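First listed ligand is number 1; within each ligand, the first listed atom is number 1. This is a predicted model, so every value here is computed, not measured. Just so it is clear, the values below take in all heavy atoms, side chains as well, and ignore hydrogens, waters and symmetry mates.
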Amino acid sequence: MLEQLVGESQALDRAIAGEELSLKDGMELMNFENLHMLGAVADITRKKLVGDAVTFAASYYMNYTNVCAASCQMCAFYRKGHEDDAYTLTPEQIEKRVSMAKEMGATEVHIVGGFHPKLQLDYYEEMMRIIKKNHPHLNIKAFTAAEIFYLSKLTKNSVKEILSRFKEAGLDSMPGGGAELFHPDIRNKIVRGKCTGQEWLDTIEQAHNLGIKTNATMLYGHIEKPEHVIDHLIKIRELQKKTGGFITLIPLKFSLDNTELEQEKQVTHECSSVYDLQVIALSRLMLANVLNNISVYWVAYGKKLAQVALSNGGNDLVGTAFSEEIYRAAGKPTNSSVLDLANMVREVGKKPAQRDTFFNILKTF
Ligand code: SF4
């Protein structure tokens, strides 16, 4: 199969040979017209690295507050605090929800929120302590690097100090949100009041140095050009070479509804499925030598496209996402059970496997 693909493009040849791809290679692949061939090379690369298992976690998503000091143009979730639907959960309310999720089979709790200008560090510590006390084996995957960076500015503590305190309070891992796209030409037009790309990377590097593994994300499908996606992937790759602390990359398709980018008509439609598949394939090929896992976030894609993406380089479906307010705010359905996800995987001829946060297999189907 691979031999038939050699000679179609220099960049594709380099990908087939397992070489590290440059920005120029990435551009060549993004402009490569034969999506099937690109997807096939990404799929073969995926198979070489992780085989045919497609993983997912039983994950509970919780947003502790939607009050946010920032006002990103790509966000439909934030409130300023005075609106009827602005909310902030108490640590006790959080624990109650986590207990319910645990009963539903969740093995991790994914906790993120807005940049609340009044919450202090003890709120976050209390939240984690109470969860750990009642559910010591549940993985607390909480707070994006952007939240941590905001908290360091708000409370005048260093990033390292905050991460150390949070780790002590029970933080096991961190999600990859807040990365958006690092390139300032794009970032400055889609986020307002959030850390720079370099500050996100520096914060994550400190987390990795403290032994806190994290995911990475990449928000695409809005106003970027292909070079900005490739630039982002290269920056993730360079940090991964340094720390080895990333668990998976989750490319996030931009969800348009109710965002300022939509209201101001800067983006009038969501990106095509062809572009989605190119991004998944490119993510696989650009990161092939440093990261095994490329996650397909089915909540944003819908189940059918997510299934196709599993043959274009993806090897993971992220998780059940019991309750996920951020995507719901932008009009996407979010609940699915472990068995639904296993069926999705089986339907495309791959082997479903439930995993934990760190991709250890817990159960096969
Ligand atoms: S993306 Fe995050 S930081 Fe930006 S407005 Fe929304 S909740 Fe706040």
Side-chain angles (χ1 to χ4, degrees), residues 61-89 94 110-121 123-124 127 141-155 159 162 166 174-184 186-204 207 214-224 228 232 250-264 266-267 270 297 299-300 321 323-332 334:
Y61 278 53
M62 189 178 47
N63 302 116
Y64 56 91
T65 182
N66 62 356
V67 175
C68 189
S71 47
C72 300
Q73 298 91 320
M74 36 58 78
C75 179
F77 175 70
Y78 73 88
R79 299 291 181 272
K80 285 294 152 198
H82 55 270
E83 304 87 340
D84 288 346
D85 58 352
Y87 72 88
T88 301
L89 301 177
I94 290 169
H110 172 124
I111 307 175
V112 294
F115 298 168
H116 197 298
K118 297 208 174 105
L119 297 176
Q120 296 297 310
L121 296 183
Y123 167 84
Y124 301 91
M127 171 199 302
K141 182 176 71 176
F143 317 124
T144 66
E147 286 168 87
I148 299 288
F149 186 83
Y150 173 76
L151 279 174
S152 85
K153 294 281 166 235
L154 181 75
T155 65
V159 163
I162 292 175
F166 283 8
M174 284 167 62
E180 324 308 358
L181 278 179
F182 298 136
H183 200 292
I186 300 302
R187 192 175 187 85
N188 293 341
K189 293 179 186 144
I190 63 170
V191 305
R192 190 187 291 119
K194 188 179 268 192
C195 61
T196 65
Q198 192 54 51
E199 285 162 345
W200 187 95
L201 288 161
D202 291 344
T203 302
I204 286 286
T214 75
N215 293 340
T217 60
M218 173 172 73
L219 185 75
Y220 71 90
H222 38 83
I223 57 169
E224 85 280 5
H228 302 120
H232 191 91
I250 312 172
L252 292 173
K253 179 188 177 97
F254 172 62
S255 191
L256 180 65
D257 291 356
N258 307 321
T259 62
E260 189 179 317
L261 290 177
E262 180 198 33
Q263 281 150 9
E264 297 201 338
Q266 291 185 56
V267 184
E270 292 183 3
Y297 195 37
V299 173
S323 176
E324 214 280 33
E325 279 94 352
I326 291 176
Y327 265 86
R328 193 174 296 147
K332 298 285 187 292
T334 54

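Close approach of ligand 1 to Cys68 is summarised as follows: ligand atoms under 4.0 Å from at least one heavy atom of the residue are 3 (S), 5 (S), 7 (S), 8 (Fe). Residue Tyr78 approaches ligand 1 through these ligand atoms, each under 4.0 Å from one of its heavy atoms: 5 (S). Here is the list of ligand 1 atoms found below 4.0 Å of a heavy atom in Phe115: 3 (S).
Contact annotation for Cys72 and ligand 1: heavy atoms of both the backbone and the side chain come within less than 4.0 Å of the ligand.
Here the straight-line distance linking atom CZ of Phe77 with atom OG of Ser255 works out to 13.5 Å at 0.5 Å rounding.
The closest side-chain donor-acceptor pair between Glu262 and Asn258, if any, does not fall under 3.5 angstrom.
Here the side chain of His232 pairs a donor or acceptor atom with the backbone of Thr217 at under 3.5 angstrom.
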Determine, stepwise, if the pair Val67 / Lys118 fulfils side chain to side chain contact (heavy atoms under 4.5 Å, CB included). CA-CA 10 Å; Val67 175; Lys118 297 208 174 105; over 6 Å; no
